[in-house]
Amino acid sequence: MAENAQGTQNTENTENVRSTQNKGNAEGGDTRVSLLGLGAMGGALAEALVKAGLRTTVWNRSAGKADALVAHGAVEAASAAEAVRASRLVVVCLFDHDSVHEVLDPLVGDLAGRTLVNLTTTKPEQARQLAAWAAEAGVAYLDGGIMAVPSMIGRPEASILYSGSEEVFRRHEALFGLWATGTYYGEDAGLASLYDFALLSSMYVMFAGFLHGAALLAPAGVSAGRFAQMAAPWLTAMTGGFAGFAEVVDGGDYTVAGQQSLEFSNLGLFVEASAEQGVSAEPIAMVQRLIQRQVDAGHGTEGFARIIESLKNPAA
């Protein structure tokens with residue numbers, strides 16, 4: 001059932017892209033795509049385009065990455081310049097912000113008049129800098145944050161967040177749908193990256209908490225696998241508390257009845273127990289420091305959500 005649903009979605013996305021291509025061709029448009037960067041994620045993005053039958057030119061700094069794609073219809077460019085010149089739509093998925101500039105700075109003349117979609121992981125300010133660089137060069141710019149691992153590309157659960165040129169997003173929305181559900185967040189090119197970092201920060205802190213729990217249990221002979229079976233349903237259930245925290249934070253009143261107080265949330269015993277188990281307390285100690293700062297400031301009877309004030313005002 002899930003595979004059928006995925007196949008139906010991909011078919012619909014492909015037909016939408018082809019319809020857009022036909023319209024563009026009738027109006028003298030050019031809908032070819034060039035993708036620079038064939039790491040695990042870039043390769044998955046390119047594969048989705050090739051499978052959809054799009055005219056896809058690919059380039060990678062190291063040789064050999066394009067072989068499987070070429071076997072299925074992609075064209076491998078001999079250079080980044082050749083790839084850029086092959087299409088009006090250029091997608092980059094490179095290692096980092098610096099590598100984007102290393103590859104594209106010498107090609108600014110070739111990029112002029114084209115559309116650039118950057119799916120490289122960058123900080124919000126770096127995305128804004130790239131948008132300004134593109135605008136000065138006469139390049140339409142859209143930034144994206146990929147909320148997926150490579151194996152998820154083309155599946156319903158994959159998501160890509162976009163910000164920058166709305167015109168670019170709307171024009172290529174059907175094509176983006178071949179990769180993932182695309183959501184547009186506004187003209188500020190840094191917003192997609194900001195959302196991306198916020199979501200990934202939440203994920204990594206959760207992962208660190210799980211690994212800390214597994215480390216606590218290890219001296220007792222409990223396997224990480226056994227703990228995972230317990231932790232997954234527990235943490236899933238606890239995500240139901242996000243909405244309540246959000247309501248308190250947005251309301252700005254940490255004295256609302258029904259909250260667990262900061263004093264009750266004291267995690268000193270967790271830190272001590274970690275030391276007694278011979279385990280670093282760093283993940284839980286970080287939370288305890290945020291709690292203690294608010295308690296020391298006289299807010300101990302207020303709700304746990306108040307630790308966001310320790311985060312928003314780190315120097316206070």
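Since the model is a prediction, treat every value here as computed from it, not as a measurement.
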### Query
How far does OH of Tyr184 sit from CG of Leu191, to the nearest 0.5 angstrom?
9.0 Å

### Sub-4.5 Å side-chain heavy-atom contact between Leu119 and Ile160
yes

### Sidechain N-carboxylate O distance under 4.0 Å for Glu102, Arg61
yes

### Query
Can you find a side-chain donor-acceptor pair between Glu302 and Thr255 that sits under 3.5 Å?
no

### Query
Would Asp196 and Ser193 count as having a side-chain donor-acceptor pair, cut-off 3.5 Å?
no

### Summary
residues 44-83 vs ring pair (Phe, Tyr, Trp, His ring centres under 6.0 Å), sequence neighbours excluded, gives none

### Phe227 atom CZ, neighbour heavy-atom count above 12 within 6.0 Å
yes

Please output the side-chain donor-acceptor pairs of residues 36-49 that fall under 3.5 Å, not counting sequence neighbours, one pair per line with the distance.
residue, atom, partner, partner atom, Å
Glu47, OE2, Lys51, NZ, 3.2

### Task
Keeping to residues at least two apart or across chains, list the ring pair (Phe, Tyr, Trp, His ring centres under 6.0 Å) pairs with something in residues 131-153.
His101-Trp133

### Task
Return yes if a side-chain donor-acceptor contact under 3.5 Å exists between Gln294 and Tyr254, otherwise no.
no

### Message
Quick test of your reading: applying ring pair (Phe, Tyr, Trp, His ring centres under 6.0 Å), list the pairs with at least one residue in residues 148-168, sequence neighbours left out, ordered by first then second residue.
### Response
Tyr162-Phe169, Tyr162-Phe176

### Message
I'd like to know if Glu82 and Arg85 make a salt bridge, using a cut-off of under 4.0 Å between side-chain N and carboxylate O.
### Response
no

### Query
Does a salt bridge link Arg128 with Glu125, judged by any charged N lying under 4.0 Å from a carboxylate O?
yes

### Task
Using the test ring-ring contact (aromatic ring centres under 6.0 Å, His included), find all partners of Tyr185 that sit at least two apart in sequence or belong to another chain.
Tyr195

Tell me which donor-acceptor pairs under 3.5 Å the side chains of residues 202-216 have, and how far apart each pair is, sequence neighbours excluded?
residue, atom, partner, partner atom, Å
Ser202, OG, Ala198, O, 3.0
His212, NE2, Ser274, OG, 3.1
His212, NE2, Ser280, O, 3.3

